[in-house]
Amino acid sequence: MATYYKHPTALVETEDVGEGTRIWALTHVMGGVHIGAHCNIGSHCFIEAGVWIGDRVTVKNGNMIWEGITIEDDAFIGPQVVFTNDRRPRSPRFPGARARYETKSWLVPTRIGRGASIGAGAVILAGCDVGPFALVGAGAVVTHPVPAYAVVFGNPARHQGWVCECGDKLQPHGSKWRCPSCARVYEQIGDELRALS
Amino acid sequence: MATYYKHPTALVETEDVGEGTRIWALTHVMGGVHIGAHCNIGSHCFIEAGVWIGDRVTVKNGNMIWEGITIEDDAFIGPQVVFTNDRRPRSPRFPGARARYETKSWLVPTRIGRGASIGAGAVILAGCDVGPFALVGAGAVVTHPVPAYAVVFGNPARHQGWVCECGDKLQPHGSKWRCPSCARVYEQIGDELRALS
Amino acid sequence: MATYYKHPTALVETEDVGEGTRIWALTHVMGGVHIGAHCNIGSHCFIEAGVWIGDRVTVKNGNMIWEGITIEDDAFIGPQVVFTNDRRPRSPRFPGARARYETKSWLVPTRIGRGASIGAGAVILAGCDVGPFALVGAGAVVTHPVPAYAVVFGNPARHQGWVCECGDKLQPHGSKWRCPSCARVYEQIGDELRALS
């Protein structure tokens, strides 16, 4: 059985937590959650049944993560990020909305790609997948999917540049993009970026 | 006496909670709060003395709700919504602001109307009432009152359309507005919408 | 030894808390934090090792405050404010970012000046100091330093006017600025304001 650390005040109802992961104070993880190995889940988080979190993910404090959210390996979720899984919510207790909540057809899933970073306090609308290694700026409101390696910020979030896998800002380099820190080179094809090295 | 459910880790200091309501983990409800029947109050919330919440209201996780806030029946408060009750806050402990906090004249109340939906992470400035069945988009910053049935989003939040009581987007229908899901019809009079059916 | 109040459910691991300070429910304060005298720290906060908070500071509920953040005397931190201390975060567990987190060179400190007010749900980017008595509006995303006495709001936050030490809006008064409440007078020199009385 995997050995992970749980703060004495954390409520962890799943057994599906990987080796070396740490779950901090006053965080509540429901049953039916998968958390991979070597993750760090900060204090004051809530993780709902049905969430899937990969390996080596950092989830900072104050995150509320809903059914339908998948967070791939190596991603960074800053503090107090706001996730959603319903594009037109009503109170499920309101008789006029009861039909809407009889099945799960209201549920719109969202995927945070491998190695992506979601800045503090960003808001991710349901269905707006964030591509691998993309960087969503702090306080951004993401209303459209974010391509791999893209930097977006603002409300609504707009494409502002490209970021390297290592985290540094890419710079134009002839017809390519290049990282000044680690020298990785990328090729832009239409609105997408692809790693060449 | 009403029977409601309280998670063992919730701190509930009011006795004024209606039948069938559920209050989840690590939430703190002060004395002097009214919560109606058949509500669902998520984890990691704080509800201050003086708050009034109607029946069948959904309050998602991570909400901090202040004195002066009233939430009418059937409303939906998304996760991590930010309420306020002071338009020009200073630290009440700062000697230069002590006079301001000697009475409650600084307190500006806000009312969330019946059946309204407040999107995740939205910010509601003190005094900006949200009308019945209005929909405030995720991440919106509401700086003016929101009319009934209005859809608003952005920072500052602007009027973007109309929403039906059932949650679907209204569409123009001759001189009226009509819901494609439930066929309810609405009439626009100036900047306001009125249900006809 | 200083006497302060701690709610029975608060986790306080520092001994460096001043006289008369109150720390409320379900808040976690790490060791290595300094909190001054006569502060009020709301529920559901997390305060990380290395934070320094002065005297008579109000920290409302739901704040997550990171190493590198300094909050001077008499400041007001509204509910659910979002602080940051890393401008290009990656998961420190991601092998491709491990070098970045071997030292603390990623850490960018931020100072909230004496008597300043940070509105509810505002986002403060790392390194954006907020000057004394400035007022950051609710929901603002602060991407540049804020001068003393400035009012800023929006995403990105922009300069919208000036505020008196006492909290009221300053008005033009000949070549000066004057507070209609307390009659204090200020002089503008370039982009900065200086108190004359």
Side-chain angles (χ1 to χ4, degrees), chain A residues 9-13 25-30 43-48 61-66 69 79-101 105-106 108 110 120-128 136 139-143 154-157, chain B residues 7-9 20-22 24-26 36-40 42-44 54-63 71 73-82 114-122 133 135 137-141 151 153-157 163-169 181-182 184:
Chain A
T9 63
L11 306 169
V12 180
E13 294 160 10
L26 304 164
T27 277
H28 184 188
V29 181
M30 287 181 70
S43 78
H44 300 90
C45 290
F46 173 75
I47 306 183
E48 194 174 40
N61 310 49
N63 279 288
M64 310 281 142
I65 310 182
W66 309 107
I69 312 291
Q80 297 146 295
V81 168
V82 178
F83 291 97
T84 61
N85 63 4
D86 187 352
R87 294 190 69 99
R88 309 189 72 80
R90 287 296 193 204
S91 177
R93 285 131 205 101
F94 166 47
R98 209 162 280 160
R100 177 169 167 74
Y101 294 102
S105 59
W106 56 269
V108 179
T110 305
V123 176
I124 312 292
L125 267 73
C128 298
V136 173
V141 178
V142 174
T143 61
N155 178 358
Chain B
H7 189 279
T9 62
T21 283
R22 292 174 293 170
W24 292 101
L26 304 164
H38 304 292
C39 291
N40 198 61
S43 78
H44 299 89
D55 296 339
R56 299 175 301 280
V57 170
T58 299
V59 173
K60 295 293 287 179
N61 310 48
N63 279 288
I71 302 176
D73 293 349
D74 299 308
F76 173 87
I77 311 297
Q80 297 147 295
V81 168
V82 178
R114 186 165 86 84
S117 299
I118 312 295
F133 299 108
L135 173 58
V141 178
V151 177
F153 52 82
N155 178 358
V163 60
C164 184
E165 188 179 309
C166 78
D168 207 352
K169 194 176 176 173
S181 294
C182 73
R184 271 194 190 81

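Just so we're on the same page: letters track the sequence lines, and every chain starts at 1. The model shown is predicted, which means the values in this text are computed figures rather than measured ones. Values below: all heavy atoms of this structure, side chains included; hydrogens, waters and symmetry mates excluded.
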Mind checking what makes ring-ring contact (aromatic ring centres under 6.0 Å, His included) contact with B/F133, not counting sequence neighbours?
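Partners of B/F133 by the ring-ring contact (aromatic ring centres under 6.0 Å, His included) criterion, ordered by chain and then number, come out as A/F94, B/Y149.
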
Give, as side chain, backbone, both or neither, the part of [X] having an atom under 4.5 angstrom from any heavy atom of chain A.
X      : answer
B/A75  : backbone
B/C39  : backbone
B/K169 : both
B/V57  : backbone
B/H44  : side chain
B/D55  : neither
B/T9   : side chain

Nearest heavy-atom pair of [X] and [Y]: which atoms, and what distance?
X      : Y      : answer
A/L11  : B/A25  : CD1-CB, 3.8 Å
A/R100 : B/C166 : CD-O, 4.4 Å
A/V141 : B/A138 : CG1-O, 3.8 Å
B/L135 : A/R88  : CD2-NH2, 4.2 Å
B/G139 : A/N155 : O-ND2, 3.4 Å
B/P79  : A/V82  : O-CG1, 4.3 Å

Can you tell which part of A/P89 gets under 4.5 Å to a heavy atom of chain B, answering side chain, backbone, both or neither?
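A/P89 touches chain B through backbone and side-chain heavy atoms alike.
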
Engaged part of A/V81 at the chain B interface, taking heavy atoms whose separation is under 4.5 Å:
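Contact with chain B involves the backbone of A/V81 alone.
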
Any B/Q80 side-chain heavy atom under 4.5 Å of A/M64 side chain:
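Heavy-atom side-chain distance check passes, below 4.5 Å.
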
So, do B/N61 and A/W66 sit near enough that their side-chain heavy atoms are less than 4.5 Å apart?
yes

Taking atom CZ of A/R93 and atom OG1 of B/T58, what is their separation to the nearest 0.5 Å?
4.0 Å

Compute whether any side-chain donor of one residue and acceptor of the other, for A/R90 and B/S117, lie under 3.5 angstrom apart.
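Note: A/R90 and B/S117 side chains meet the donor-acceptor criterion.
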
Can you tell me which of A/A122, A/C45, A/A126 forms the most heavy-atom pairs within a distance under 4.5 Å of chain B?
A/C45

Best-contacting candidate, B/D73, B/I118, B/D168, against chain A by heavy atom pairs under 4.5 angstrom:
B/D168

